[in-house]
2 protein chains.
Amino acid sequence: MKSTTEIEELGLTKQRKVVLSVIMDSKEHLTANEVFELSKGLLPKISFATVYNSLRYLKEEGLISEVNFGSGASKYDRMTDRHDHAICSSCGKLVDIRLDLPEELIRQAAKHSKFRPESLELTLRGTCPECK
Amino acid sequence: MKSTTEIEELGLTKQRKVVLSVIMDSKEHLTANEVFELSKGLLPKISFATVYNSLRYLKEEGLISEVNFGSGASKYDRMTDRHDHAICSSCGKLVDIRLDLPEELIRQAAKHSKFRPESLELTLRGTCPECK
DNA sequence: CGTTGAATTTAGAATAATTCTAATTCTAAG
DNA sequence: CTTAGAATTAGAATTATTCTAAATTCAACG
């Protein structure tokens, strides 16, 4: 996770700042289209392509992350600390959760896959409180 | 995971059988389009819509699963036992891995999310052997 | 300051991914 | 054999994302 100073050093353009702030200020995970709609509120002339470009850029810089659980459009999430997700198999609701993954797990995963590990994330599939 | 007998009891149509077999026989995770192309080899008149319908049906029956790591089309994976994924952040390569998740973890995840838990899956992001 | 050039943004077109529609075919039950 | 519901088909429609080419921004340079 980047510090405020590091973010400032990136010299974000006006558009990228707006896209980032929209995501940072949202409680929900937003689709690209929702980011676009909200960004227009702050910067009416912003284009769809710029939103996508900005999302890609911000993702590469590690300021946001993209999640997709196989039903429709990708969603964008602010990048705080490492965290996990829970997704409701009935209504699709997506929430962030924070678990303490045992160190052992990442070693095990790296060993089994033979990948050089970067990060580990867990997804719980279940039923949210609203869906009973 | 369903037994052979249970699968037979579903009375799958010709098309659904073909789609299922394509996925079962593939070492790789396939996109809907790849499933379509391969299915055509076995059943030349099969349509794209049927492939999508079949994928949805088979997923609902728990015979296959859909994964999407936020870059392009969803991929379909045969449903064997519970398993996890590793994805290469450089080339996008996706492999199945099998980890022993501590029982404790699912309880923790359920508690944090307040969801009634169904399944838990872990994703390792890293660099695959080919990408160094 | 003017010029230059790289990076970014813009509007809209193009492509890719997925779902829908309406007509037809299949299948199992009466 | 009928009939009704489910599944399939071809192709259109919709949604999601990326591309293109022209315009803009902005910093570095003379």
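Chain naming here is simple, since letters A, B, ... match the order of the sequence lines and numbering starts at 1 in each.
Contact annotation: T13(A) does not reach the phosphate of dA7(C) (side-chain N/O to OP1 or OP2, under 4.0 Å). Phosphate contact (OP1/OP2 of dT10(C), side-chain N/O of Q15(A), threshold under 4.0 Å): present. Between dT17(D) and S74(A), a contact under 4.0 Å exists linking OP1 or OP2 to a side-chain N or O. Remark: Y52(B) is not in phosphate contact with dT19(C), judged by side-chain N or O atoms under 4.0 Å from OP1 or OP2. The side chain of R16(A) contributes an N or O atom lying less than 4.0 Å from OP1 or OP2 of dT9(C). The side chain of T50(A) places an N or O atom within less than 4.0 Å of a non-bridging phosphate oxygen (OP1 or OP2) of dT10(C).
R116(B) places no side-chain N or O within donor-acceptor distance of the main-chain N or O of C131(A), the cut-off being under 3.5 Å.
Atom CZ of F48(A) is separated from atom C1' of dA13(C) by 15 Å (rounded to the nearest Å). Rounded to whole Å, the distance from CD1 on I46(A) to P on dT24(D) is 17 Å. Whole-Å rounding puts the F36(A) CZ to dT10(C) C1' distance at 11 Å. We find that CG of L30(A) is positioned 13 Å from P of dT17(D), with the value rounded to whole Å. Straight-line distance from the NZ atom of K14(A) to the P atom of dT10(C): 7 Å, rounded to whole Å. As a whole-Å value, the separation of E61(A) CD from dT8(C) P is 10 Å. One atom, CG of L55(B), and another, C1' of dC20(C), lie 16 Å apart when rounded to the nearest Å. Rounded to whole Å, atom P of dA28(C) lies 13 Å from atom CG of L12(B).
F48(A) and I23(A) fall within a single hydrophobic cluster, where Ile, Leu, Val, Met, Phe, Trp and Tyr are joined by side-chain heavy atoms under 4.5 Å apart, directly or via other members. Y76(A) and V95(A) fall into different hydrophobic clusters, where Ile, Leu, Val, Met, Phe, Trp and Tyr are joined by side-chain heavy atoms under 4.5 Å apart, directly or via other members.
When each of N33(B) and K45(A) is assigned the nucleotide of DNA chain C bearing its nearest heavy atom, the one mapping closer to the 5' terminus is K45(A). Residue-to-nucleotide proximity on DNA chain D shows that, of Y57(B) and G72(B), the 5′-proximal contact is made by Y57(B).
The side chain of S47(B) has dA10(D) as its nearest neighbour among dA10(D), dT17(D), dT10(C). Of the candidates dA17(C), dA16(D), dT10(C), dT10(C) carries the atom nearest the N53(A) side chain, counting heavy atoms from C-beta on.
Base engagement by A49(A) is indicated by at least one non-hydrogen atom pair under 4.0 Å involving a base atom.
Taking CD of E34(A) as the start and NE2 of H29(A) as the end, the distance is 11.5 Å to the nearest 0.5 Å.
Here K27(A) does not pair with D25(A) in a salt bridge; the nearest charged N to carboxylate O distance is not below 4.0 Å.
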